[in-house]
Structures are given as C-alpha cells and as structure tokens.
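Below: one structure, written as structure tokens.
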Amino acid sequence: MKSSLSSIRRAYLAGFLDGDGSIYARLKPNADYRYGYQVALYIVLFQSAKDRSKFEELCALIGLGHIRDRNDGILEYTINRIDNIKKFLISIRPFVILKRKQVELMFKIIDQKQKVEKANDFKVLMKMIDSFRELNYSKKRKKRTLTP
C-alpha cells in the first residue's frame, strides 16, 4: 500500500470497504495442518466488471492483492496475506465506520494466530473466527463444532 496516500484516499478506501467489501476469516478443513484446519484470512472488495478500468485504478492504489473475474460479472480484489491485510487495515482503520468491529476482530485474530502453541490456543482462535458469524451476513455459513 502506498504510504503516501492522502487521508482523503484512505477514507475513500475505507468507505469502499464499508459499502462494497468484506472482511472475514475461515477455517478450511485440511489434514496437512497441525490442528486439522487451515486459517484463511481475507479482505475482499467487489465491483461490477462494467467498471473494470476504474476498479483497476483503485486496486493499484492499494497494491496488496489480486483481481479475479467471477462468472457472474463481478470483479473481486482479494488481499489474503497477513502482512498485507495488516498494512491495509492500519491505513484505513481510522476511517472505517460500518465494519469497525470486523477490523478490530481481524487484528485480534492475527495476534492470536501468532500465539498458537497448543490445542487450547487454537480453540481460542477458532472461537474468534466463528464470531465473524455474528458480524457478517452469509447464506452459506455453517455452524461448526469447536474441536481441533
């Protein structure tokens, strides 16, 4: 993320995230991971493919993720590396309004993920990730039993 972005641009990006974005964490079942799950953290911005050039300009300002074309005519800009998520959120944090709780929870999840040393630590992380359920709307979300 360009450190030279003005506060107006950072506020605009925060508003874009508030309106046309998503912040979430997932636990993906994966036997190759120590506790049977991969922790996947995301920030995603959405825009109609009709506005590709302007959306690409916006994404270039951020410079921390990648654009994907969906089959339904929507573009997604995804930031999924922890260091990039932190850079983005630190930059826009003062300006976020609607997704403030998600931003703060993401920081807590990142901190907890770095502290995981044993199963109990991972259970705490799982509960934090599942608490996004209360903050975000999803038609596909499933309730999970918290047992790593």
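Throughout, residue positions are numbered sequentially from 1 according to the sequence presented.
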Do Tyr24 and Phe132 have ring centroids that are under 6.0 Å from one another? no
Is the backbone N or O of [Y] less than 3.5 Å from a side-chain atom of [X], with the two atoms forming a donor-acceptor pair by type?
| X | Y | result |
| --- | --- | --- |
| Asn84 | Leu64 | yes |
| Asn80 | Tyr42 | no |
| Gln112 | Val124 | no |
| Tyr35 | Ala119 | yes |
| Arg100 | Val96 | yes |
| Lys99 | Leu17 | yes |
| Arg26 | Ala40 | no |
| Asp20 | Leu45 | no |
| Asp121 | Lys118 | yes |

For the pair Asn30 and Tyr37, evaluate side chain to side chain contact (heavy atoms under 4.5 Å, CB included) and give the outcome as yes or no after the intermediate values. CA-CA 5 Å; Asn30 188 328; Tyr37 291 95; over 6 Å; no
Consider only side-chain heavy atoms of I, L, V, M, F, W and Y, link residues closer than 4.5 Å, and tell whether [X] and [Y] are in one cluster.
| X | Y | result |
| --- | --- | --- |
| Leu5 | Ile85 | yes |
| Ile74 | Ile62 | no |
| Leu58 | Val44 | no |
| Ile129 | Ile110 | yes |
| Leu75 | Phe46 | no |

Is the charged tip of Arg93 near the ring of Phe107: under 6.0 Å from the six-membered ring centre and within 45° of its axis? yes
Please indicate whether Ile97 has more than 12 foreign heavy atoms, meaning atoms of other residues, nucleotides or ligands, lying under 6.0 Å from its CD1. no
Would the number of heavy atoms belonging to other residues, nucleotides or ligands and lying under 6.0 Å from OH of Tyr12 be above 12? no
Interatomic spacing from [atom1] in [X] to [atom2] in [Y] - rounded to 0.5 Å:
| X | Y | atom1 | atom2 | answer |
| --- | --- | --- | --- | --- |
| Phe16 | Ile92 | CZ | CD1 | 11.5 Å |
| Cys59 | Gln47 | SG | CD | 9.0 Å |
| Arg70 | Arg68 | CZ | CZ | 6.5 Å |
| Gln102 | Ser131 | CD | OG | 10.0 Å |
| Leu13 | Ser91 | CG | OG | 7.0 Å |

Would you sort out whether His66 and Ile79 count as a side chain to side chain contact (heavy atoms under 4.5 Å, CB included), showing the intermediate values? CA-CA 7 Å; His66 60 277; Ile79 304 169; over 6 Å; no
Identify whether the distance between the nearest side-chain nitrogen and carboxylate oxygen of Lys108 and Glu104 falls below 4.0 Å. no
Salt bridge or not for Asp69 and Arg52, using N-O below 4.0 Å? yes
If you look at every heavy atom in Phe55 and Glu76, which pair is closest and at what distance? CE2-C, 4.3 Å
Any idea which heavy atoms bring Ile23 and Leu89 closest together, and the distance? CD1-CD2, 4.4 Å
Any residue meeting ring-ring contact (aromatic ring centres under 6.0 Å, His included) with Tyr77, in chain and number order, not counting sequence neighbours: none
List the steps and the verdict of side chain to side chain contact (heavy atoms under 4.5 Å, CB included) for Lys113 and Ile82. CA-CA 10 Å; Lys113 186 176 186 297; Ile82 290 176; 3.7 Å; yes
Would Phe122 and Glu117 count as a side chain to side chain contact (heavy atoms under 4.5 Å, CB included) if you check the C-alpha gap in whole Å, the side-chain angles of each, and the deciding distance to 0.1 Å? CA-CA 8 Å; Phe122 195 75; Glu117 293 181 10; over 6 Å; no
